[in-house]
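The sequence lines fix the lettering, A, B, ..., with proteins before strands; numbering per chain opens at 1.
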Amino acid sequence: MTSSTTTLPRPPTVLPVRRPPVIESAVLGTLVAIVTELMFFTALISAYYVVRAATGNTWVPPEGVRLPVATTGLNTVILLLSGVLTWRAGRLFDDSRERAARAFSGAIALGAFFVVFQGYEWVKLIGVGLTMSSSVFGATFFFIIGAHALHVAGALIAMMVVHHNLVKGKLEAPAFKAMRIFWYFVVAIWPVLYKLVYFP
Amino acid sequence: MTTTLGLLIACAVCGAGGNETSKDAFAATTVLMSAVPLASMGLLGYYLVKRFRAQDPSDPEE
């Protein structure tokens, strides 16, 4: 009795070519988050328009209240400068982490100034009687501006963590890029809200 | 659009429909809220496809 075994030729070993990721996970996650944030702010803006339209032509601050248009305009410039410094930090990241950290700390400082100054303006407005419950105008004003201020404050906390990692040399490029993208969004949405709320 | 406004102002909670400005605001924001999610998701998808196509497949990950 003979046993014959047939040996099939082994297919050539072909290792799959792994393509690099199309986009870093941190950046993709941030972009998806920004899409949802965009929808959130669009909903706020839409609600503002509908409520304002429902009041007819009487959409003005309550008597005795003047919105700080000029000072908030200046604050807007400061926030935009913070965005510019963030962009600068991104440009410097590959060449000099130290200089990038310096530019980024400037961006954080300007962002912090923005949110503290907003708080100061709020205290003054509340002092003259504009509150969430004083009128529909007050409610929409504080809700829209407050929603943005919360985003600024949250982003600043994240930026401080990123800055800490940058100084310690533990920060990876995608994480820094993701942080910058989110800050650009927070900075870019502000002039739209400023125009909407402060120039009714 | 104007022919569908009668349906749009059926919204019971927003108070739209009280006047012409209100109708216009409601119609405009309906368009805005419909377009922004589609546009933003579309742009993100387009960006990802563009990045994928721009990649050189012969340049494997290390």
Side-chain angles (χ1 to χ4, degrees), chain A residues 13-60 136-137 139-140 144 172-174 177-178 181-182 184-185 188-189 192-193 195-197 200, chain B:
Chain A
T13 307
V14 179
L15 293 172
V17 176
R18 287 192 63 194
R19 297 173 70 126
V22 174
I23 188 168
E24 298 92 346
S25 300
V27 176
L28 179 62
T30 304
L31 289 176
V32 172
I34 285 174
V35 168
T36 63
E37 294 289 352
L38 197 58
M39 292 175 199
F40 170 71
F41 280 106
T42 306
L44 283 186
I45 290 168
S46 297
Y48 173 85
Y49 269 123
V50 171
V51 170
R52 191 177 80 174
T55 62
N57 295 322
T58 59
W59 191 254
V60 287
V136 180
F137 185 95
T140 49
I144 293 176
E172 292 180 5
K177 190 176 177 185
I181 290 172
F182 189 76
Y184 294 149
F185 167 75
I189 196 89
V192 178
L193 300 178
K195 164 78 179 66
L196 188 78
V197 175
Chain B
M1 177 59 78
T2 50
T3 55
T4 56
L5 274 178
L7 292 173
L8 292 174
I9 61 171
C11 173
V13 291
C14 65
N19 54 51
E20 280 303 313
T21 318
S22 203
K23 279 181 191 174
D24 290 345
F26 190 46
T29 53
T30 301
V31 172
L32 182 71
M33 287 191 67
S34 304
V36 166
L38 294 172
S40 52
M41 291 302 287
L43 273 175
L44 181 58
Y46 172 75
Y47 173 69
L48 292 176
V49 168
K50 200 176 149 194
R51 295 256 318 191
F52 180 78
R53 287 188 178 153
Q55 267 188 351
D56 182 1
S58 63
D59 182 21
E61 192 180 35
E62 285 179 16

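Of all the heavy atoms in Q55(B) and P21(A), the pair that sits closest is NE2-O, 3.2 Å. In this structure, S40(B) and M39(A) approach most closely via the heavy-atom pair OG-CE, 4.2 Å. For the pair A25(B) and A53(A), the tightest heavy-atom approach, listed with the atom from each and the gap, is CB-CB, 3.5 Å.
Not counting sequence neighbours, Y184(A) has no partner by the side-chain hydrogen bond (donor to acceptor under 3.5 Å, both in side chains) test.
Listed by first and then second residue, the side chain to side chain donor-acceptor pair (under 3.5 Å) pairs involving residues 35-51 of chain A are E37(A)-H151(A), Y48(A)-W59(A) (not counting sequence neighbours).
Remark: F52(B) CZ is loosely packed, at most 12 non-hydrogen atoms of other residues, nucleotides or ligands lying under 6.0 Å away.
Close approach to chain B, defined as a heavy atom under 4.5 Å from one of its heavy atoms, is seen in L28(A), L31(A), V32(A), V35(A) of residues 25-35 of chain A, taken by number. For a heavy-atom cut-off of 4.5 Å, chain A lies close to L44(B), Y47(B), L48(B) in residues 42-50 of chain B.
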